[in-house]
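Step one of this worksheet: look at the structure below.
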Amino acid sequence: DGGITQSPKYLFRKEGQNVTLSCEQNLNHDAMYWYRQDPGQGLRLIYYSQIVNDFQKGDIAEGYSVSREKKESFPLTVTSAQKNPTAFYLCASRTPYNEQFFGPGTRLTVL
Amino acid sequence: KNEVEQSPQNLTAQEGEFITINCSYSVGISALHWLQQHPGGGIVSLFMLSSGKKKHGRLIATINIQEKHSSLHITASHPRDSAVYICAVGGGNTPLVFGKGTRLSVIA
């Protein structure tokens with residue numbers, strides 16, 4: 001089965017700790033994205049990558065970092081600099097024909 | 001930057017009703033997407049449109065490029081259609097811009 005996996009589904013961290021969210025895809029897509037979703041708001045773009053070893057900041061990149069060392073993997077680190085990290089995080093990928101695929105999401109709660 | 005507006009924000013319908021969700025955007029686009037998000041949070045792509053109309057089962061999506069407007073219709077609605085429906089625009093190397101979503105509840 002091809003798709004995007006995100007782990008874990010729920011994540012709890014203490015304030016001030018960095019945390020890394022996993023995103024893996026076996027769809028052979030070049031383009032991958034990280035979005036943040038807050039109640040009552042649309043999805044907002046954190047970072048995206050069009051190809052391995054390259055990535056760009058989205059609209060709300062401050063306090064986040066990413067890497068793209070492998071085509072299949074696009075992990076997101078939420079650093080202690082992110083002022084309000086509690087949110088639902090979605091990873092996505094895109095085909096060359098603009099079809100969008102989304103992972104199941106990770107709900108991060110900072111205590 | 002494109003602005004995407006959806007209406008209504010919330011919608012409650014009786015089972016069997018015909019439902020329409022609207023989406024307007026401010027800047028010309030290459031593609032418009034309709035997405036469905038269930039309570040668990042996962043998102044599924046329903047349609048990608050660049051012109052005209054598409055139909056899949058009881059779902060119909062239309063787009064008017066000149067008016068920068070799209071509609072998602074659900075015929076013979078069912079409680080399992082209850083979800084958040086999200087409109088997004090963009091494509092290619094341009095990241096998507098998302099509307100805030102329309103929360104649909106279909107009551108049996």
Side-chain angles (χ1 to χ4, degrees), chain A residues 1-11 21 23 27 29-51 54-61 66 74 87-109, chain B residues 1-11 21-51 54 56 61 63 70 72 83-104:
Chain A
D1 265 336
I4 300 176
T5 57
Q6 292 185 244
S7 60
K9 190 170 178 63
Y10 298 96
L11 189 54
L21 280 58
C23 176
L27 300 167
H29 293 166
D30 285 315
M32 296 186 73
Y33 304 83
W34 273 107
Y35 298 101
R36 170 181 171 138
Q37 188 178 40
D38 295 282
Q41 295 203 38
L43 277 72
R44 292 182 291 168
L45 180 66
I46 304 173
Y47 267 98
Y48 65 106
S49 169
Q50 304 279 24
I51 200 164
D54 187 49
F55 49 82
Q56 285 80 41
K57 292 182 179 180
D59 299 320
I60 56 166
V66 293
F74 191 38
F88 186 60
Y89 292 88
L90 280 155
C91 179
S93 68
R94 174 180 62 80
T95 73
Y97 310 102
N98 291 333
E99 295 165 293
Q100 305 283 325
F101 292 80
F102 290 84
T106 292
R107 191 166 299 279
L108 172 64
T109 302
Chain B
K1 184 180 171 173
N2 225 327
E3 302 285 336
V4 180
E5 297 287 337
Q6 284 186 240
S7 62
Q9 282 186 297
N10 295 285
L11 182 55
I21 299 170
N22 296 298
C23 175
S24 297
Y25 51 93
S26 57
V27 178
I29 57 170
S30 57
L32 181 143
H33 300 255
W34 281 104
L35 311 168
Q36 182 190 54
Q37 185 173 31
H38 277 283
I43 292 178
V44 174
S45 179
L46 297 174
F47 295 104
M48 182 177 68
L49 290 164
S50 54
S51 64
K54 286 191 176 180
H56 182 70
I63 188 167
S70 175
L72 176 68
V84 176
Y85 292 84
I86 301 170
C87 172
V89 301
N93 293 333
T94 305
L96 294 181
V97 177
F98 296 81
K100 293 183 179 180
T102 295
R103 185 175 299 276
L104 172 65

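Every chain is numbered from 1, with letters handed out A, B, ... down the list of sequences.
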### Task
Look up atom CD1 in B:Ile43 and atom CG in A:Leu43, then write down how far apart they are to the nearest 0.5 Å.
4.5 Å
### Task
Taking atom NZ of A:Lys9 as the centre, report whether more than 12 heavy atoms of other residues, nucleotides or ligands fall under 6.0 Å from it.
yes
### Query
Heavy-atom distance under 4.5 Å to chain B: side chain of A:Gln50, backbone, both or neither?
side chain
### Task
Return the minimal non-hydrogen interatomic distance between B:Gly41 and A:Phe88, and the atom names on each side.
O-CE2, 3.5 Å
#### Entry: A:Gln56 portion near chain B, given a 4.5 angstrom heavy-atom threshold
neither
#### Entry: Side chain / backbone / both / neither for B:Ile86 at chain A, heavy atoms under 4.5 Å
side chain
### Message
Can you tell me if B:Arg103 has over 12 outside heavy atoms packed within less than 6.0 Å of its CZ?
### Response
no
### Proximal component of A:Leu45, with respect to chain B [non-hydrogen, under 4.5 Å]
side chain
### Task
Over all heavy atoms of both residues, which pair between B:His33 and A:Asn98 is shortest? Give the atoms and the distance, please.
CE1-O, 3.0 Å
### Message
Less than 4.5 Å to any heavy atom of chain A: does that hold for the side chain of B:Gln6, its backbone, both, or neither?
### Response
neither
### Query
For A:Phe101, is it the side chain, the backbone, both, or neither that has a heavy atom closer than 4.5 Å to a heavy atom of chain B?
neither
### Task
Dump the intermediate steps for side chain to side chain contact (heavy atoms under 4.5 Å, CB included) on A:Phe102 and B:Leu35, then the final yes or no.
CA-CA 10 Å; A:Phe102 290 84; B:Leu35 311 168; 3.9 Å; yes
### Query
What closest approach, in Å, do B:Ser45 and A:Gln100 show between heavy atoms, and which atom pair accounts for it?
CB-O, 3.7 Å
### Query
Are more than 12 heavy atoms from other residues, nucleotides or ligands located less than 6.0 Å from atom CD of A:Gln41?
yes
### Task
Determine whether B:Leu96 and A:Tyr33 make a side-chain contact, defined as any pair of heavy atoms from C-beta on separated by less than 4.5 Å.
no
